[in-house]
Amino acid sequence: MDNIINIINLTKQFDGNNILNNISFNAKQGEIIGLLGLNGAGKTTFLKLLSGLIEPTEGEILILGKKPWDEPDKILKNIGIMIETPVFYEHLTAFENIEIHLEYMGVKADIDKILKLVGLVGVDKKLVCKFSLGMKQKLAIARAISHNPKILFLDEPINGLDPVAIIHIRELFKTLKKQGVTIILSSHILNEVFETVENIAILSNGSLDNLGKISLLKEKYGNQLENYLIERMRGIKNA
Ligand SMILES: Nc1ncnc2c1ncn2[C@@H]1O[C@H](COP(=O)(O)OP(=O)(O)OP(=O)(O)O)[C@@H](O)[C@H]1O
Ligand SMILES: [Mg+2]
């Protein structure tokens, strides 16, 4: 299978510091990759670069063969993004927010079905400004998937979700994967990452290490896997 995400020698500097340093990385269709790293490691920065929201300092990013910063219009419809605090039309409903997004994307979809998919039910008339944290989080996921993109970049998507919602979203991601959607998600909740993702990549000291399949890591490290990953996040390679 071809890589649908290709990253070649990517460097991102802020104020002269290399936050991401010479990263090369690929992802194939239908992979779910968990992006781990301590606070400030560069996860959000990495996802913003892949989404074309910020410009690389050096190197190349190819999403479906296109450069997200230079050719955003060519990939816009193919990616779903949920990064940091999502911005909504606060004085509209969830339905209306998705409706506007779909109009912008030029795509038609069953909005009620999408809201149900993320477990956002019984909020027909409620304005988004009256939503709880978890409700907004679900709406952000709904918006990211609504136009049926091939790739999802999700920054801490399960933040603030209750345990029922987490299971729901986990199943949703697995269904999307089966449909061939590629997902890169960041998370601090290791147990959830173990349940949801297929591959793990760790950002530490500006480098991105693809640790490969979680199933193999589980076999190798057993109940020490969490400790191993924490050491890797702290930059200790021979943990
Ligand atoms: N616009 C910016 N200008 C200057 N520095 C920035 C900017 N954005 C991010 N940084 C710096 O880049 C580094 C990585 O930040 P980033 O938000 O990507 O980390 P993160 O891994 O997402 O952390 P967290 O787990 O806390 O969300 C931090 O040192 C941060 O201060
Ligand atoms: Mg972040």
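Please read these numbers as outputs of a predicted model, since none were measured by experiment. All ligand and atom numbering here is 1-based and tracks the order in the structure.
- For the pair Val128 and Lys136, the minimum side-chain heavy-atom distance is below 4.5 Å.
- Shown in contact with His188 at under 4.0 Å from a heavy atom are these atoms of ligand 1, numbered in order with element: 25 (O).
- The shortest contact between atom 26 (O) of ligand 1 and any protein heavy atom is with Asn39 ND2, 3.0 Å.
- Note on ligand 1: Asp155 sits outside its first shell, no heavy atom being nearer than 4.0 Å.
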Could you go step by step and tell me if Gln137 and Asn159 meet the side-chain hydrogen bond (donor to acceptor under 3.5 Å, both in side chains) rule? CA-CA 7 Å; Gln137 198 73 358; Asn159 241 4; 5.9 Å; no
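- For a distance bound of 2.8 Å, the N, O or S atoms of Thr44 include one lying that close to the Mg ion (ligand 2).
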Take Lys178 and Thr175 through the side chain to side chain contact (heavy atoms under 4.5 Å, CB included) test and state the conclusion after the steps. CA-CA 5 Å; Lys178 279 190 200 138; Thr175 306; 5.7 Å; no
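- No side-chain donor from either of Asn9 and Glu60 sits under 3.5 Å from a side-chain acceptor of the other.
- At least one heavy atom of Ala41 lies less than 4.0 angstrom from ligand 1.
- For the pair His91 and Cys129, the minimum side-chain heavy-atom distance is below 4.5 Å.
- Within ligand 1, counting atoms from 1 as listed, the ones closer than 4.0 Å to a heavy atom of Gly42 are 14 (C), 16 (P), 18 (O), 19 (O), 20 (P), 21 (O).
- For atom 9 (C) of ligand 1, the closest non-hydrogen atom of the protein is Phe14 CE1, 3.5 Å.
- For the residues Lys43, Met233, Glu156, Glu84, the heavy atom positioned nearest atom 25 (O) of ligand 1 is part of Lys43.
- Ligand 1 lies nowhere less than 4.0 angstrom from a heavy atom belonging to Lys48.
- Numbered from 1 in the order shown, with element, the atoms of ligand 1 that lie under 4.0 Å from a heavy atom of Thr44 read 17 (O), 18 (O), 20 (P), 22 (O), 27 (O).
- In this pair, Tyr221 and Tyr228 present their aromatic rings parallel. The plane angle is below 30°, not in the 30 to 60° band.
- Within the listing of ligand 1, atoms 12 (O), 13 (C), 14 (C) sit less than 4.0 angstrom from a heavy atom of Ile19.
- In this structure, Ile230 and Arg234 have side chains that are in contact, with non-hydrogen atoms separated by less than 4.5 Å.
- For ligand 1, the atoms closer than 4.0 angstrom to any heavy atom of Asp15 are 4 (C).
- Of the possible donor and acceptor atoms, one in the side chain of Lys43 sits under 3.5 Å from a partner among the backbone N and O of Gly37.
- Residue, atom and distance of the protein heavy atom nearest to atom 28 (C) of ligand 1 are Gly40 O, 3.8 Å.
- Asp155 and Thr44 share a side-chain donor-acceptor pair at under 3.5 Å.
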